[in-house]
Amino acid sequence: MYTDTTGAASSPKNGQGFPEGAGQYLLRSADPGFQSGVEELTAGGFQPRTAANHTAYNGIGNYYSVDLQYSDALDSWIVAHSDGPDSRLTFLSPDFSSRTFADVAMPRSVVEGPGLVSRPDRHAVAPVGGRCGVVPVDIVNATASPVAPTGLAHAGVDVSAGRSCASMAPGQVARVFEGYGIQVPGLPPAFIDGGLRLQSAGLPPIQDVTRNFVLTTPEVFYSIPYGASLFVGQTVVGAPGRPAAFLLDNSTKWPISALKIITDNGSTITMVGTAQYDACPSGPALYLVQ
């Protein structure tokens, strides 16, 4: 998502003949460099970008400076933007075709567009206290402009659509907490990876794969599909040309990116043949977070 002051669907020029510059456009591609397979949001949905359809449709709004994230709890995109001195949140459907909720005003004036606090994958951050349907929306923005925008400040609101963990679709709670460590008194610490709950007998290996922990409830814990249990000293298998992997429930191998995860769990690597290694079904991969 970006602003194009010369876009065909941007707001019209003002009386001085300069482009007003308000207009947001959306591109998507499976190529992270956007050098191939680029599609643009048009009035008919995403279409291959061409000279004819480029910037011909402004489906987001005539804003100047914006940020974007996806909320798994709301099944909506959240667009943070400024309307004059005010900052607001707009909610759009997954395909950007319609508004899903009424706009929400943020409790801070801005002199530049707000930046959303997000997960690394640009999804909304997880709620605390088991409130599955509540989305904590936090923005950081400049509040002063003596010469250039400065005076960074933070403001936040909790947005709710009145949903509970029980009312969410299968797998939706897991998506809300993807990449998080969850802690519930009386239950083992767990890491949510690939939509599954990896329970651990010890905290160190969970701390190796995430820096984000939330204190939540048994309802959240059990709403996330069980993946496997990791015990101290758990078997780790390796094979020529293959990554080491924890061998967990039903001989499912969970690949490991770094030796530290293995040693912090008190495990060692046992080498096996490639055929034996490949015969084990694969689970989600575990990546060390520095």
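Just so we're clear, the structure is a prediction, and the values are computed from it rather than from any experiment.
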- Task: Would you check, one step at a time, whether the test side-chain contact (heavy atoms from CB on, under 4.5 Å) holds for Val159 with Phe91?
- Result: CA-CA 11 Å; Val159 176; Phe91 303 86; 4.0 Å; yes
- Is it true that the side chains of Thr90 and Asp103 contain a donor and an acceptor less than 3.5 Å apart? yes
- Item | Residues in side chain to side chain contact (heavy atoms under 4.5 Å, CB included) contact with Leu215, at least two apart in sequence or another chain | Gln183, Pro185
- Message: Distance check, rounded to the nearest 0.5 Å: Leu198 atom CG versus Ile192 atom CD1?
- Response: 8.5 Å
- State which residues pass salt bridge (Lys or Arg N to Asp or Glu O under 4.0 Å) with Asp138; sequence neighbours excluded, sorted by chain then number. none
- Task: Work out which heavy atom in Pro114 is nearest to a heavy atom in Ser65; give both atom names and the distance.
- Result: CD-O, 4.1 Å
- Query: Within 45 degrees of the axis of the six-membered ring of Phe191 and under 6.0 Å from its centre: does Arg197 put its NZ or CZ there?
  - Reply: no
- Message: Is it true that Asp95 and Ser97 share a donor-acceptor pair across their side chains at a distance under 3.5 Å?
- Response: yes
- Task: Say whether, by atom type as modelled, one donor and one acceptor occur between the side chain of Asn53 and the main chain of Thr50 under 3.5 angstrom.
- Result: yes
- Closest non-hydrogen contact found for Gly238 with Ile269 is N-CG2, 4.0 Å
- Could you pull out all residues at least two apart from Cys165 that satisfy disulfide bond (SG atoms under 2.5 Å apart)? Cys132
- Item | Heavy-atom closest contact (Ala124 atom, Ser71 atom, distance) | CB-CA, 4.1 Å
- Task: Output yes when a side-chain donor or acceptor of Thr252 lies under 3.5 Å from a complementary backbone atom of Leu248, and no otherwise.
- Result: no
- Message: So does Gly151 get a backbone contact from the side chain of Thr143, meaning a donor-acceptor N/O pair under 3.5 Å?
- Response: yes
- Closest non-hydrogen contact found for Ala80 with Leu116 is CB-CG, 3.7 Å
- Query: Do the side-chain N and O atoms of Thr42 and Gln47 include a donor-acceptor pair separated by under 3.5 angstrom?
  - Reply: no
- Query: Counting distance only, does the side-chain N/O of Asn141 pair as donor-acceptor with the main-chain N or O of Leu152 below 3.5 Å?
  - Reply: no
- Message: When you measure from the centre of the six-membered ring of Tyr277, is the NZ or CZ of Lys253 closer than 6.0 Å and no more than 45° off the axis?
- Response: yes
- Item | side-chain contact (heavy atoms from CB on, under 4.5 Å) assessment of Ile224 paired with Tyr222 | CA-CA 5 Å; Ile224 299 170; Tyr222 291 114; over 6 Å; no
- Item | Side-chain donor-acceptor pair present, Asp31, Ser29, cut-off under 3.5 Å | no
- Looking only at heavy atoms, which two atoms of Gly181 and Ile206 are closest? And how far apart? CA-CG2, 4.5 Å
- The side chain to side chain contact (heavy atoms under 4.5 Å, CB included) partner of Met1 among Leu41, Leu26, Leu27 is Leu26
- Query: Is there a donor-acceptor pair closer than 3.5 Å between any side-chain N or O of Asp249 and the backbone N or O of Ser229?
  - Reply: yes
- Item | From Ser267 atom OG to Gln234 atom CD, the distance as rounded to the nearest 0.5 Å | 6.5 Å
- Could you name each residue pair satisfying side-chain hydrogen bond (donor to acceptor under 3.5 Å, both in side chains) that touches residues 200-217, not counting sequence neighbours? Asp208-Lys260
- Tyr70: what forms a ring pair (Phe, Tyr, Trp, His ring centres under 6.0 Å) with it, not counting sequence neighbours? Trp77, His123
- Message: Could you report the tightest heavy-atom contact between Pro281 and Ser251, atom names first, then the distance?
- Response: CD-O, 3.6 Å
- Task: Using the test salt bridge (Lys or Arg N to Asp or Glu O under 4.0 Å), find all partners of Arg131 that sit at least two apart in sequence or belong to another chain.
- Result: Asp158
